[in-house]
Amino acid sequence: MAKKTLQKPKAFQDVFTRKSRDQKTTHYCPGCGHGIAHKLIAEAMSDLGLQDRSTIVAPVGCSIFLYYYFDCRSLSVPHGRGPAAMTGISRVRPDTISISYQGDGDLAAIGTSEIIHSANRGENIAVFFINNAIYGMTGGQMAPTTPLEMRTTTSPRGRASETEGFPIAVCELISTLRAPVYVERVSLDTPANILGARRAIRKALQAQADRKGFTLVEILSPCPTQWRVDPTKTGEWIRENMHPIFKPGVYRDVLAETPSRPRPERREMSDGEMYALLGIDENATIRALPTGCEDFHLAYRFAGFGGQGVILLGMLLAQAGMASGYQVTWLPSYGPEMRGGTANSSVVLSTRAIGSPMVAETDVLVAMNGPSLEKFLPTVAPGGCVLYDSDPIETPPAAPDGVHLYPVPARDIAQQAGEARAANVVMLGVYAAIGDLFEEEVLADALRKAFAAKKGAVEANRRALAAGADYARSHFPCPAPDRPGVMVK
Amino acid sequence: MRMRLMRGNEAVVVGALLAHCEAFFGYPITPANEISEGAAKLFPLAGRTFVQAESEVAAINMVFGASSAGARCLTGSSGPGISLKMEGISYLACAELPAVIADICRVGPGLGNIYPSQGDYNQLVKGGGHGEYRVIVLAPNSAQEMCDFTIRAFDLADRYRTPVFVFTDGCVGQMMEPVHLPDLPPKPEPKPWALIPGAETNSNLVTSIFLEASEMESIILKLQAKYADIARDEVLCETYRTEDAEIVLVGFGIVSRVLRSVVEEARSEGLRVGLLRPQTLFPFPTEQIRELSERARSILVVELNNGQMVEDVRLAVAERCPVEFYGKMGGELPAIDDILARLRALMVEA
Ligand SMILES: Cc1ncc(C[n+]2csc(CCOP(=O)(O)OP(=O)(O)O)c2C)c(N)n1
Ligand code: SF4
């Protein structure tokens, strides 16, 4: 077995043509751990027959050009984002052997969010984490894994826990999560331990091939240049300075009891299935506009407490408007506006292309509570009409000139119709009768679409709609003689 | 009738599914949430990938990865989230990876508020991230265009191997309108450069680092040549009653809807006013605006910001006629009457 490491693995390039023609030396310093880690990974890739499926991250750090050496697909990613990029790859191309190769600055500083969350999601990626306790590429600055008291160019007096915190132990951190299936720390300090690293790397790649999930191998790795240590003495340095804080060992291994994940199948959909999924009813028709409505433009506002269904009420009107051949827009109040407990939606029905969907001047206001009536009554245009729930609002504020008020005991009517929550639909019924804009079937269809998912709700709401219309017919002239809210503007 | 009432944000998801988008990666933010929520609901049912990322930074890098593997992918966000994505977008542009990003702009700077805004114009149109790149920016003003432009965005992204923005405001994102669903566009062409498993792709490499100055310069020049092609071939804009217009209004997105109503009102008062609406912001309709500026007495640019696009209009007009600006910030749309008052005053001045 050990002999094999001496041969050049197939996944390691013969000549580094990606570097430049005829190059045979790596760009690493003598005694650098990156070269050893590369060879171990390339060898495992070749031996396990995974070269043609592997994609490896080239991180920002000294190993930024690792693709000079690996003979497989490679992606150079922004600093620290390897696990996110590999999440993308492994999700859309599940046959990929996804390898995120990262340094300690990359993984344990700028990329902490990405590593923790990809581990926590249990992404099917293998992470090889080169911990050399320093920033190599940028010239020896402090890393999150730098031991206490160590001098670096940005901890010139030695790393102090009071101001720089403690070295981050990544294996310990990651193994607190439930999703990772294999987490081990290995060390490149002696030939025997290098063999241990070899074994761990193979195990992680095999887990990838078996679709077992997230694995991480932390590799304690020499950086003689930035440590300012003789390349022959780095093993000692690792044992003395790193082993006490980064104890080699297996931190998590549930590979044996973890089943292989099924490969997600990308199912091809027919065009018909796709349109059905998108909620398209291919048989739906749009009616011709009723006569007398050829030039028409109305702005509606539906307002009340959140939960009174004013958002839905607007949608129902918009749906009925669309099916009747009008141009329509619907706009909800959104965000913190909703949080105070009031909500509103505005709808425009028009025979012309609709400009702004924002309703400044209202033609038809439906107010389900007092504050809404007070707030929006001044916006109603002369000739407009206001429907309000007379249950909570006993004495309405004075209406502006030329504005017609329609008090409706909507909650009562809804209750009697057997659906206490359908006061909004009662109001639609009232408006439908006085406004005389929609055919009954159009409204029924709008209800069917809105309540399709809720059993029994369609029938209850149809009763509420009819009860609203009945109430209007027995209390107000229907259709209204001046056709409130239907005048041609 | 393949028509349905839907929100602008939902129409982006629908457009993406029709355009064979394979994956959505995103992080919640108002007023763009319906994009994530719609994708969460529909993508898995259509056999596509949905991941709620831990941040916008992660989301754009998931896009970076998935796109490098040849998948069409989508992310969506707003203001602060778009700022976070900018590093990734610069990498996408340099590595020449396609991607579609929706920005449902809210009011900024800072946390600002969630109401409609066009304050991200400079951030998107002028680059936003580091280095000399540009992205295509499409500016829909209706739910229908949210769907159609998303489909177009995927096509442009693949064709030019570049990130493409679908840029609108909270109002267009939240608003529901009827959307007529088009026929399914053809499947995307295979991408031989992509990081897809196979012996034949072992040498495929997606990178944005080029240490040699001359090599880097040639990469940058190649990008600039691509942007020149885009500027020449991909401008979209719409005009309304500009033939005899003395004053031309210029506005995009939701503002253009308000301006259309303004034109109608102004015309009914006998004022000869027209409207030019850029549907692409990069490339910008420079030529079309220059042409109008030769005939118009003045141009009034209206934006939901402090005056960002107006600089591009001024460049196009090159002082052939006065260019005025009317801006609304904080989250309200400009009132038709206020713009009319401005127009009447301009008519007197001009
Ligand atoms: C966003 C960003 N910030 C900073 C840098 C600069 N930078 C390049 S490499 C590096 C540190 C890499 O250190 P590490 O991950 O430990 O890898 P090593 O070089 O030691 O192998 C930094 C900070 C960058 N490229 N991008
Ligand atoms: S600086 Fe350190 S990590 Fe970088 S190549 Fe040299 S030895 Fe390796």
Side-chain angles (χ1 to χ4, degrees), chain A residues 18 51-53 55 58 64 67 71-78 81 84-89 91-93 95-97 113-114 116-117 121 265-269 271 274-275 277-282 284-286 315 318-319 322 328-332 334-336 353-358 360, chain B residues 1-5 14 17-18 22-23 25 30-31 42 45-47 49 51 53-55 57-58 61-69 71 73 87-88 91 114 170-171 174-178 181 184 195-199 201-209 254 257-258 260-261 333 335-336:
Chain A
R18 277 170 173 169
Q51 179 188 2
D52 296 345
R53 290 169 56 196
T55 297
I64 196 156
Y67 49 74
D71 188 8
C72 71
R73 283 141 301 278
S74 185
L75 175 65
S76 159
V77 299
R81 317 302 175 205
M86 275 299 149
T87 296
I89 292 187
R91 292 286 186 122
V92 298
R93 302 288 176 255
D95 291 335
T96 307
I97 301 296
S113 174
E114 286 77 9
I116 287 183
H117 288 279
R121 287 189 303 267
E265 286 304 326
R266 166 110 194 252
R267 195 172 59 84
E268 287 300 326
M269 290 180 110
D271 291 12
M274 175 57 82
Y275 289 117
L277 175 72
L278 299 180
I280 292 299
D281 171 4
E282 303 235 20
T285 49
I286 301 291
M315 278 189 206
Q319 175 66 38
M322 178 182 92
V328 303
T329 60
W330 168 92
L331 189 69
Y334 62 90
I354 299 172
S356 172
M358 291 268 191
Chain B
M1 197 42 104
R2 257 198 249 123
M3 188 140 104
R4 217 194 88 199
L5 207 54
V14 168
L17 284 171
L18 293 176
E22 286 186 57
F25 306 98
T30 309
L42 295 175
L45 294 177
T49 297
V51 179
E54 59 271 29
S55 70
V57 174
N61 283 287
M62 290 175 188
V63 166
F64 187 75
S67 178
S68 78
C73 34
E87 181 204 37
Y91 277 73
I114 58 168
C171 188
Q174 294 293 319
M175 174 171 66
M176 261 192 178
E177 288 183 306
L181 300 202
L184 282 171
L195 307 179
I196 298 169
T201 59
N202 274 344
S203 58
N204 282 9
L205 167 67
V206 173
T207 187
S208 66
I209 179 167
I254 193 65
R257 306 267 304 243
V258 177
R260 197 187 158 95
S261 304
L333 295 194
I336 293 172

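Proteins get letters first, then strands, A, B, ... in listed order; numbering begins at 1 in each.
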Engineer: Checking A:R53 against chain B: side chain, backbone, both or neither under 4.5 Å from a heavy atom?
Structural biologist: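 For A:R53, the contact with chain B is made by backbone and side chain together.
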Engineer: Specify the closest pair of heavy atoms between A:V77 and B:Y91, including all atoms of both residues, with the distance to one decimal.
Structural biologist: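 Shortest heavy-atom contact: C-CE2, 3.9 Å.
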Engineer: Quick one: list whatever passes side chain to side chain contact (heavy atoms under 4.5 Å, CB included) with B:A58, sequence neighbours left out.
Structural biologist: A:A84, A:E114, B:A53, B:E54, B:S55, B:M62
Engineer: If we define contacts as heavy-atom pairs under 4.5 Å, which of B:S208, B:A199, B:S261 has the most with chain A?
Structural biologist: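 Most pairs with chain A among the choices: B:A199.
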Engineer: Would you verify whether the NZ or CZ of A:R81 falls within 45 degrees of the ring axis of B:F64 while also being under 6.0 Å from that six-membered ring's centre?
Structural biologist: no
Engineer: Could you tell me which portion of A:T329 (side chain, backbone, both or neither) has an atom closer than 4.5 angstrom to a non-hydrogen atom of chain B?
Structural biologist: both
Engineer: Can you see which heavy atom on B:L184 is nearest to which on A:Y275, and at what distance?
Structural biologist: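 Scanning both residues, the minimum pair turns out to be N-OH, 3.2 Å.
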Engineer: Taking the side chain as every heavy atom from C-beta outward, state whether B:V57 and A:S113 have any pair of such atoms under 4.5 Å apart.
Structural biologist: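 No. Closest side-chain heavy atoms not under 4.5 Å.
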Engineer: Taking side-chain hydrogen bond (donor to acceptor under 3.5 Å, both in side chains) as the test, write out the residues that go with B:R260, two or more places apart.
Structural biologist: none
Engineer: Is chain B contacted by the side chain of A:A318, its backbone, both, or neither, given a heavy-atom distance below 4.5 Å?
Structural biologist: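 A:A318 touches chain B through backbone and side-chain heavy atoms alike.
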Engineer: Say whether, by atom type as modelled, one donor and one acceptor occur between the side chain of A:R73 and the main chain of B:G198 under 3.5 angstrom.
Structural biologist: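 Checked: pair present.
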Engineer: With a 4.5 angstrom heavy-atom cut-off, which part of A:M269 approaches chain B: side chain, backbone, both or neither?
Structural biologist: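 A:M269 touches chain B through side-chain heavy atoms alone.
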Engineer: What part of A:I354 lies closer than 4.5 angstrom to a heavy atom of chain B: side chain, backbone, both or neither?
Structural biologist: both
Engineer: Considering only heavy atoms and a distance below 4.5 Å, find which of B:G47, B:A335, B:P178 pairs most often with chain A.
Structural biologist: B:P178
Engineer: Using a cut-off of under 4.5 Å on heavy-atom pairs, state which of B:N61, B:V14, B:L42 scores highest against chain A.
Structural biologist: B:N61
Engineer: In terms of heavy-atom pairs under 4.5 Å with chain A, which of B:L195, B:L5, B:L17 leads?
Structural biologist: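 Going by pairs under 4.5 Å, I would pick B:L195.
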Engineer: Quick one: what part of A:E268 sits under 4.5 Å from any heavy atom of chain B, side chain, backbone, both or neither?
Structural biologist: side chain
Engineer: Identify the two heavy atoms, one from B:L333 and one from A:S356, that lie closest to each other, and give their separation to 0.1 Å.
Structural biologist: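 Distance-wise, the nearest heavy atoms are CD1-OG, 3.9 Å.
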Engineer: Where do B:G65 and A:I89 come nearest, in terms of heavy atoms and distance?
Structural biologist: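 It is O-CG1, 3.1 Å.
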Engineer: Using non-hydrogen atoms only, which part of B:T49 is less than 4.5 Å away from chain A: side chain, backbone, both, or neither?
Structural biologist: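 The answer is the side chain of B:T49.
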